[in-house]
Amino acid sequence: METDVAVIGGGPAGIATAIAARLEGLRVILIDHRTPPIDKACGEGLLPEAVNALRTLGIQLNSTIGFPFSGFQFRDDRSCATGRILFGSAFGVRRTILHRLMTERASNLGVRFLWGSRVSKLNDNCVSLGSDAVSYKWLVGADGQRSHVRRFAGLDSRMCHRSRFGFRRHYAIEPWADAVQIYWGRRSQLVVAPIARNEICISGFTGNSKGRLPALISQFPDLAHRLAGRSPSSAVAGAITAFGQARSV
């Protein structure tokens with residue numbers, strides 16, 4: 001197989017890159033060892049800059065797809081601060097819905113997807129996929145914290161990593177605020193995002209490997225009270241998120 005651009009990684013960043021390349025008339029093959037729907041723990045909120053970027057790629061968000069929110073509330077056990085979004089539109093959107101919209105747009109533009117294909121080797125003009133291979137002119141790495149492309153490019157030694165653990169649940173509850181609420185706890189943060197007229201997303205992030213979402217929620221009695229007796233409609237637990245920072249050279 002031959003292509004102009006080979007994109008490794010089929011999350012939002014990889015698909016956005018594939019769409020942008022196709023809009024410039026380039027041939028694109030996207031490779032990912034996973035198969036859709038691809039999900040992970042995240043806050044599921046898109047700021048105006050992201051909404052505008054999606055629009056330039058041909059993806060329009062509206063209230064039938066997600067929930068428009070007006071700003072942010074930052075809370076701890078003693079105080080609360082609010083900030084409103086003054087320009088543009090922001091939406092809470094389920095990650096799987098966003099992924100489907102982006103995949104459909106890319107497919108309609110002619111991006112070729114190789115789902116379920118694992119990279120076995122990289123060289124300067126070819127990606128090996130077991131017995132198959134993709135030759136390319138440009139290679140894009142959007143393959144996350146254990147990136148084959150970053151390692152191939154020799155960039156791992158320039159990254160300083162610290163790990164956090166992410167958890168996410170959806171609850172079939174009517175949002176009680178039109179803002180994303182961010183709770184600051186002990187070595188942790190909780191993000192409560194409205195994503196539909198009758199659904200919220202709660203995501204938690206902590207540096208404690210033994211931390212779990214119920215324990216994080218219990219730090220905030222008002223939130224725990226709202227969720228008392230409610231069962232999550234979906235969950236992603238134990239996802240590891242790595243944060244990297246380039247070292248100066």
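Keep in mind that the numbers below use all heavy atoms, side chains included, and drop hydrogens, waters and symmetry copies. Computed from a predicted structure; not experimentally measured.
- None of R168, R95, H99 except one satisfies the side-chain hydrogen bond (donor to acceptor under 3.5 Å, both in side chains) rule with D39; the exception is R168.
- In plain terms, the two heavy atoms of F113 and A106 that are nearest each other are CZ-CB, 3.6 Å.
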Requested in this report: Just do the side-chain contact (heavy atoms from CB on, under 4.5 Å) check on I200 and W176 with the steps written out, would you?
Outcome: CA-CA 9 Å; I200 63 169; W176 56 86; 3.7 Å; yes

Distance-only check: which donor-acceptor pairs under 3.5 Å involve side-chain atoms of residues 48-55, not counting sequence neighbours?
from : atom 1 : to  : atom 2 : distance (Å)
N52  : OD1    : R55 : NH1    : 2.6
N52  : ND2    : P48 : O      : 3.3

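- Without hydrogens or angle criteria, T35 side chain to G116 main chain gives no donor-acceptor distance under 3.5 Å.
- A distance-only check finds a donor-acceptor pair linking the side chain of S107 to the backbone of T103 [under 3.5 Å].
- In this structure, T206 and F167 have side chains that are in contact, with non-hydrogen atoms separated by less than 4.5 Å.
- The shortest side-chain heavy-atom distance between D222 and Y183 falls under the 4.5 Å cut-off.
- Looking at heavy atoms from C-beta onward, V127 lies out of side-chain contact with F152 at the 4.5 angstrom threshold.
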Got a list of side-chain donor-acceptor pairs under 3.5 Å for residues 7-15, not counting sequence neighbours?
none

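- No path of Ile, Leu, Val, Met, Phe, Trp and Tyr side chains, each step under 4.5 Å between heavy atoms, connects L30 with M1, placing them in separate hydrophobic clusters.
- Hydrophobic cluster membership is shared by L216 and F220, with clusters built from Ile, Leu, Val, Met, Phe, Trp and Tyr side chains linked at under 4.5 angstrom.
- Proximity of T3 to R112: side-chain heavy atoms (C-beta onward) are nowhere separated by under 4.5 Å.
- By the criterion of side-chain heavy atoms lying less than 4.5 angstrom apart, applied directly or through intervening Ile, Leu, Val, Met, Phe, Trp or Tyr residues, W115 is grouped together with L109 in one hydrophobic cluster.
- Side-chain polar atoms of T64 and N62 form a donor-acceptor pair below 3.5 angstrom.
- In this structure, L57 and R105 have side chains that are not in contact, with every pair of non-hydrogen atoms separated by 4.5 Å or more.
- The two residues R75 and C80 come nearest to each other via the heavy atoms CG-SG, 3.9 Å.
- Two residues are said to be in side-chain contact when any heavy atoms from C-beta on lie closer than 4.5 Å; L101 and L61 meet this criterion.
- Surrounding CD of E2 are at most 12 heavy atoms belonging to other residues, nucleotides or ligands under 6.0 Å away.
- Taking 4.5 Å as the limit, some side-chain heavy atom of D4 sits within range of a side-chain heavy atom of W138.
- In terms of hydrophobic clustering, with Ile, Leu, Val, Met, Phe, Trp and Tyr side chains grouped at heavy-atom distances under 4.5 Å, F67 and I85 are assigned to different clusters.
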Practice task
Decide yes or no on side-chain contact (heavy atoms from CB on, under 4.5 Å) for L227 and Y171, but give the supporting numbers first.
Solution key: CA-CA 8 Å; L227 299 177; Y171 288 86; 4.1 Å; yes

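- I38 and I195 are members of different hydrophobic clusters when ILVMFWY side chains are connected at heavy-atom separations under 4.5 Å.
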